[in-house]
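Since the structure comes first, as structure tokens, the remarks are kept for the end.
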There are 2 protein chains.
Amino acid sequence: MAVTIKDVARKANVSISTVSRVINDSKPVSDEIRQRVLKVIEELGYTPNPVARSLVMKKSQLIGVIVPNISNYFIGEMLNGVEEIGKMYNYDILLCNSYGELEQELKYLSLLKSKQVEGIIFMTWNLKKEHKEFLEKIDIPVVMINRNTSDINIPSVCIDHFGAAYEMTNYLINKGHKKIALIRTGIGNDAFGVDQYKGYTKALKEHNIEIDESLIKNGDFKLEKAYDSVVEMIKNNNLPTAIFATSDYMAIGAMNALIDNGFKVPDDVSVVGFNDIKLASMYRPKLTTIKQPIYDIGAVAIRIIIKKIKGEEEDKTLFVLPHELIERDSCRSLV
Amino acid sequence: MAVTIKDVARKANVSISTVSRVINDSKPVSDEIRQRVLKVIEELGYTPNPVARSLVMKKSQLIGVIVPNISNYFIGEMLNGVEEIGKMYNYDILLCNSYGELEQELKYLSLLKSKQVEGIIFMTWNLKKEHKEFLEKIDIPVVMINRNTSDINIPSVCIDHFGAAYEMTNYLINKGHKKIALIRTGIGNDAFGVDQYKGYTKALKEHNIEIDESLIKNGDFKLEKAYDSVVEMIKNNNLPTAIFATSDYMAIGAMNALIDNGFKVPDDVSVVGFNDIKLASMYRPKLTTIKQPIYDIGAVAIRIIIKKIKGEEEDKTLFVLPHELIERDSCRSLV
DNA sequence: TTGTAAGCGTTATCAG
DNA sequence: CTGATAACGCTTACAA
């Protein structure tokens with residue numbers, strides 16, 4: 001059996017309260033006794049039982065994280081940020097993988113609550129009504145990642161998707177592209193797909209380029225659908241000079257479709273992405289893309305949680321981090 | 001305040017033990033009372049406090065996982081397996097990211113123990129003496145991933161690296177390659193790099209191909225070093241007809257070096273990898289590689305832990321899962 | 001079948 | 001400054 005506070009107290013000839021005091025520095029203890037207790041603790045190799053501690057303090061030092069898929073670079077890197085900052089503040093991460101399924105997500109949300117986690121970082125592809133209902137009455141801090149949560153009172157950390165898409169589209173236009181396809185994601189209001197779309201159309205309009213609906217495709221963050229969309233464009237003889245995919249995976253899918261059909265990137269068609277996952281610089285040609293500060297997104301998310309736990313209320317609901325356009329080799333200049 | 005077992009007992013007009021019995025099915029309870037209690041539980045929305053439960057049961061329902069880096073496909077996918085099976089058995093995952101640093105790993109190992117986790121899945125790039133000392137005296141189940149643990153008494157789940165490398169080398173030879181470079185990893189005894197090396201040399205010897213040390217490079221799982229190794233080969237005019245990299249990332253690094261220097265894969269040089277990470281089929285040309293059952297590795301690892309927790313001793317120490325050679329487009333036949 | 005009461009290892013309150 | 005002692009919410013002998 002592990003050694004408990006009692007063992008220490010007995011061996012040091014003091015009461016357990018005294019031991020508790022020295023391990024917590026909570027109340028003054030005479031130096032002599034403190035030393036004695038410390039020595040016994042050392043000898044016995046005593047470590048306080050965090051479970052017992054949690055029970056009385058009603059704190060678990062646990063933060064729950066729900067993600068749709070761990071083996072995804074964006075999510076993994078965000079998790080790195082969460083984990084590192086969490087550990088700095090002595091919080092552990094309880095990991096839940098929802099596979100993006102509503103039912104799982106709801107289940108985990110209540111599971112985490114029942115596990116007494118002190119906060120939840122919740123990442124989902126689609127923020128549904130059911131989520132919102134739950135989130136609105138939950139009494140522990142929750143923060144979301146890259147969702148538009150302005151209608152519910154949940155903080156969210158993200159980048160300026162509108163601005164980023166606007167910037168990227170302008171970049172393309174400045175390179176002489178006029179026929180620019182958009183493979184986008186997140187049609188829902190909670191997602192930033194709509195903001196990206198607005199950024200794209202705004203840039204186009206400002207340059208008097210007409211919006212061609214046949215060049216706007218819906219994707220799902222993954223390669224396959226983007227691949228198929230491009231194959232379709234090829235079949236329809238409706239290839240643009242540039243493709244803007246709002247996720248790097250989709251951009252890769254687009255490039256693969258092009259390459260597999262004998263086109264060259266960027267010589268025949270330019271392709272740009274969004275996120276700057278590791279892969280973006282590993283693929284050939286290296287992908288021009290929008291860099292999201294992924295690690296920082298995770299770090300900021302958990303910082304918000306910790307602040308809320310400490311009772312420091314933040315009134316902001318959207319935490320917007322800076323992005324950056326990373327110019328690499330997948331876009332060709334037409335001018 | 002959350003509702004407790006007492007509240008339920010009071011409202012249902014029974015003792016707390018009775019409530020405990022119905023929620024645990026531990027002892028017979030008359031049907032009438034059971035219904036009554038269940039109803040109250042429902043009404044009050046009661047969920048047992050797992051912290052209190054852990055305290056008395058001395059079980060946390062927590063399994064600690066230490067990995068060197070979350071944003072890595074292999075690790076993420078393994079984690080998917082761990083998480084999914086863990087949840088099936090009602091275990092939660094406490095995630096620790098060590099960045100592969102010895103000190104962090106040691107810290108987490110004891111942290112997890114003090115957190116009363118019931119088992120630990122420990123993944124590291126290098127299994128050092130310090131780890132072994134710790135692991136030898138720890139009294140909770142630990143399992144490792146892809147390490148050769150035959151000298152300590154810790155189970156490890158892996159594939160047959162010797163066989164896989166042998167198979168791949170033979171594949172290359174059968175395609176007519178004779179000048180085959182090896183970019184390998186894990187020189188230590190705990191790692192399977194040595195086994196892979198043996199598989200490679202065995203195949204070569206069996207075909208009377210002399211081993212050319214100038215074609216054997218040490219890598220570190222990452223792209224950069226492999227990239228540099230290949231650049232060096234190019235500079236030295238010592239390019240083989242095929243490169244076997246023992247990680248897909250390194251294979252990509254090798255291909256990038258080739259492509260960036262004007263060579264074509266596989267037309268000029270063939271490249272094959274190891275692991276079959278997602279990227280392997282996303283890159284162009286698609287990478288021929290050895291597929292490790294990554295998800296299953298995680299799943300098996302946690303199953304072993306759970307079995308050990310239940311006291312079902314396993315005497316095996318190496319759990320070898322099947323691998324598969326996946327033939328794609330990065331290798332050309334010379335015959 | 002049900003209830004009483006003794007823990008589990010801490011922290012916190014209140015006397016001394 | 002120090003020590004009893006009552007919680008925290010739950011499980012589990014032991015009694016009834």
Side-chain angles (χ1 to χ4, degrees), chain A residues 1-41 44-62 90 92 111 113-118 139-140, chain B residues 1-41 44-62 90 111 113-118 140:
Chain A
M1 201 52 248
V3 16
T4 77
I5 198 172
K6 272 187 195 163
D7 304 319
V8 177
R10 193 174 316 122
K11 185 152 181 196
N13 244 301
V14 293
S15 72
I16 58 168
S17 347
T18 304
V19 178
S20 175
R21 276 165 201 139
V22 352
I23 59 185
N24 294 304
D25 269 335
S26 46
K27 290 259 178 93
V29 174
S30 75
D31 229 36
E32 185 205 331
I33 292 197
R34 152 167 284 111
Q35 294 311 327
R36 184 151 35 114
V37 171
L38 251 21
K39 190 156 157 266
V40 174
I41 288 180
L44 262 36
Y46 165 73
T47 53
N49 179 330
V51 177
R53 205 173 238 175
S54 293
L55 182 60
V56 21
M57 313 259 280
K58 293 170 177 313
K59 287 188 166 197
S60 59
Q61 293 292 96
L62 249 31
N90 235 297
D92 284 305
L111 178 78
K113 191 164 148 47
S114 93
K115 290 267 179 184
Q116 329 273 304
V117 300
E118 296 186 47
D139 54 355
I140 50 181
Chain B
M1 201 49 253
V3 15
T4 76
I5 198 173
K6 272 187 197 162
D7 303 320
V8 178
R10 194 175 317 122
K11 185 151 184 202
N13 243 300
V14 294
S15 71
I16 59 169
S17 7
T18 303
V19 178
S20 174
R21 276 164 202 140
V22 353
I23 59 187
N24 295 303
D25 268 334
S26 46
K27 288 261 176 93
V29 175
S30 75
D31 229 36
E32 185 205 333
I33 293 198
R34 149 167 287 112
Q35 295 311 327
R36 182 152 33 113
V37 171
L38 251 20
K39 188 154 159 268
V40 174
I41 288 180
L44 262 36
Y46 165 74
T47 54
N49 179 329
V51 177
R53 203 174 239 176
S54 292
L55 183 59
V56 18
M57 312 265 278
K58 293 170 176 315
K59 288 187 165 198
S60 59
Q61 293 293 98
L62 248 33
N90 236 298
L111 178 78
K113 191 166 149 45
S114 92
K115 289 269 180 182
Q116 329 273 306
V117 299
E118 298 187 47
I140 50 181

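It should be emphasised that the depicted structure is a prediction, and the values quoted were computed from it without experimental measurement. A, B, ... follow the sequence lines: proteins, then strands. Residue 1 opens every chain.
Rounded to whole Å, the distance from NZ on Lys58(A) to P on dT10(C) is 18 Å. At whole-Å resolution of the value, NZ in Lys115(A) and C1' in dG9(D) are 15 Å apart.
Along DNA chain C, the nucleotide nearest to Leu55(B) and the one nearest to Val29(B) differ in position, and the one closer to the 5' end is contacted by Val29(B). Place Ala52(A) and Thr18(B) on DNA chain C by their nearest nucleotides, and Thr18(B) ends up nearer the 5' end.
Contact check, Ser54(B) against dC8(C): no side-chain N or O comes under 4.0 Å of OP1 or OP2. Listed pair Ser15(B) / dG3(C) meets the phosphate criterion, a side-chain N or O lying under 4.0 Å from OP1 or OP2.
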Working for side-chain hydrogen bond (donor to acceptor under 3.5 Å, both in side chains), residues Thr18(A) and Ser15(A): CA-CA 5 Å; Thr18(A) 304; Ser15(A) 72; 3.2 Å; yes
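Across all their heavy atoms, Arg36(B) and Val14(B) have their closest contact at NH1-CG1, 4.1 Å. Of all the heavy atoms in Asp7(B) and Ala2(B), the pair that sits closest is OD2-O, 4.2 Å.
The shortest side-chain heavy-atom distance between Asn49(B) and Thr4(B) does not fall under the 4.5 Å cut-off.
The residue Val14(B) sits close only to the backbone: its heavy atoms come under 4.0 Å of sugar-phosphate atoms, none of a base.
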Which parts of nucleotides 11-16 of chain C does protein reach within less than 4.0 Å, heavy atoms only, written one letter per nucleotide 5' to 3' as B for base, S for sugar-phosphate only and - for none? BBB---
